[in-house]
Amino acid sequence: MATPADDWFRQAFGKAWKDKADEVGRFNLAIFGKTGVGKSTLVNAIFGTEIAQTGIGEPVTRQAHLYLHQSGTLGVLDTRGLEVGTDNDALLAELRDYLHGMRRKPLSEQLHVAWYCVRAGDRRFETTEAEFVRALAELGIPVILVLTQVPRSGQQVHPDAEALAARIADLRLPIADGLIHYTMALADEFTGQSAYGLRELLDATFRGAPAGVAHAITAAQRIDFDRKRERAEAAIKVATGAATTAGASPIPFSDAAILVPLQLTMMASIAVTYGISLERSTAASLAATAAATTAGRSLVGNLIKFIPGAGTAVAGTINATIAGTFTYAMGHAWLRVCERIARGELRAVGGALDSDSIRRVFMDEFKSQAARRKLSS
Ligand SMILES: Nc1nc2c(ncn2[C@@H]2O[C@H](COP(=O)(O)OP(=O)(O)OP(=O)(O)O)[C@@H](O)[C@H]2O)c(=O)[nH]1
Ligand SMILES: [Mg+2]
């Protein structure tokens, strides 16, 4: 049952989430290579399956061979109906056209990085492919060269793949980091191959992309949770600092204003960094904060009792340390919830979020963070 406070929260959180998503922007990746080398599989392995599920994408040029798939913080530019190597001229003309149209647009509309994919099992890299890579670099796009579906035995890469990489290296292509990245996007139970090389490819992508889209890449990817955590902790630090500076200013205690804006902003920022959709993060944040608003008591009133030394000082103003500790503990509790959701946990039967689990995770983490911070401060 939605209360007026819920409606207020939904609106305020929704706005904070959208503002943050706008600020983070979009990382746009182009992906090239021969048909069937494993381009889509690679994108899915690193960025999750959402981009594939969002369907066919939109043609972005008049000639309609370039498609942009968009999902929040990620855009993937893909080719349809033209083959790299065979149709280089047509493809490059179209790409030039596209880049020209983007010239005056903001950073999040630009193309940031290209992956050029070669399947190891093909054992060849054609002259026309080398020409295509050179042309991409000339267009100003950082190109990352990826060998896909590279078999390994233990840590030993298949010698044929190494030989192929050596032949490519001899061409001295203008590739972003001078490296040729070995990858296996999917494990194969039959041969016992496990997936590998994804983290390294992601790191190379960060290095190749402009600094302005690092947050978008961090939010879009699903394999490096350390990077997400680092960003989230930075947001918590900012909010904690602001709350501490605000000091003894009153924190709204009425149920109509459950959270001060800086805490909402912090929570929205963390949700965007973990790639949680507006709908899911609104539902989750309602569930989390409802943990503390039972029986008509305000969030702050209910949570503050877990901060040692805060006592029951909930009448109107709290001191700087407690405001900071409160914000810090809330941030970490919410970070934990977001991380578990992003890992596909906290789901009830049927796939919807499990509010009870969310509440439990949030409260447990809040209590332990509040206690810990108090001890260390
Ligand atoms: N086991 C295994 N299979 C892979 C891997 N990468 C791709 N495949 C398989 O190879 C086939 C082609 O992969 P896609 O990702 O569709 O290739 P693509 O380059 O996107 O193909 P097009 O979009 O048609 O150009 C699929 O059946 C994948 O499951 C991998 O790393 N391991
Ligand atoms: Mg594909």
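Start at 1 and go down the list; that is how both ligands and their atoms are numbered.
- Nearest to atom 25 (O) of ligand 1 by heavy-atom distance, out of Arg80, Glu83, Lys39, is Lys39.
- For the residues Ala187, Ser40, Ala45, the heavy atom positioned nearest atom 23 (O) of ligand 1 is part of Ser40.
- Using a 4.0 Å cut-off between charged side-chain N and carboxylate O, Lys15 and Asp19 make a salt bridge.
- Contact check on Arg167 versus Asp170 returns no salt bridge, with no Lys/Arg side-chain nitrogen under 4.0 Å from an Asp/Glu carboxylate oxygen.
- The option with the heavy atom closest to atom 24 (O) of ligand 1, from among Thr183, Thr148, Asn44, Thr35, is Thr35.
- What sits closest to atom 17 (O) of ligand 1 on the protein, heavy atoms only, is Gly38 N, 3.1 Å.
- In this structure, Arg336 pairs ionically with Glu339, as a charged nitrogen and a carboxylate oxygen lie closer than 4.0 Å.
- No hydrogens or angles considered: a donor-acceptor pair under 3.5 Å links the side chains of Thr205 and Trp115.
- Shortest contact from atom 10 (O) of ligand 1 to any protein heavy atom: Gln149 NE2, 3.8 Å.
- Looking only at heavy atoms of the protein, atom 21 (O) of ligand 1 is closest to Gly36 N, 3.0 Å.
- Under a 4.0 Å criterion applied to the non-hydrogen atoms of Ala185, ligand 1 contributes the atoms 30 (C), 31 (O).
- Among the atoms of Ser40, an N, O or S atom is found under 2.8 Å from the Mg ion (ligand 2).
- Protein heavy atom in closest approach to atom 26 (C) of ligand 1: Thr41 OG1, 4.5 Å.
- Under the 4.0 Å criterion applied to side-chain N and carboxylate O atoms, Arg229 and Asp226 are not assigned as salt-bridge partners.
- The pair Asp354-Arg347 does not count as a salt bridge, with every side-chain nitrogen at least 4.0 angstrom from each carboxylate oxygen.
- For Leu42, no nitrogen or oxygen atom sits less than 3.5 Å from a nitrogen or oxygen atom of ligand 1, counting backbone and side chain alike.
- For atom 1 (N) of ligand 1, the nearest non-hydrogen atom of the protein is Leu186 O, 3.9 Å.
- If you check the side chains of Glu365 and His332, you find no donor sitting under 3.5 Å from an acceptor.
- A donor-acceptor contact closer than 3.5 angstrom links the side chains of Tyr116 and Glu129.
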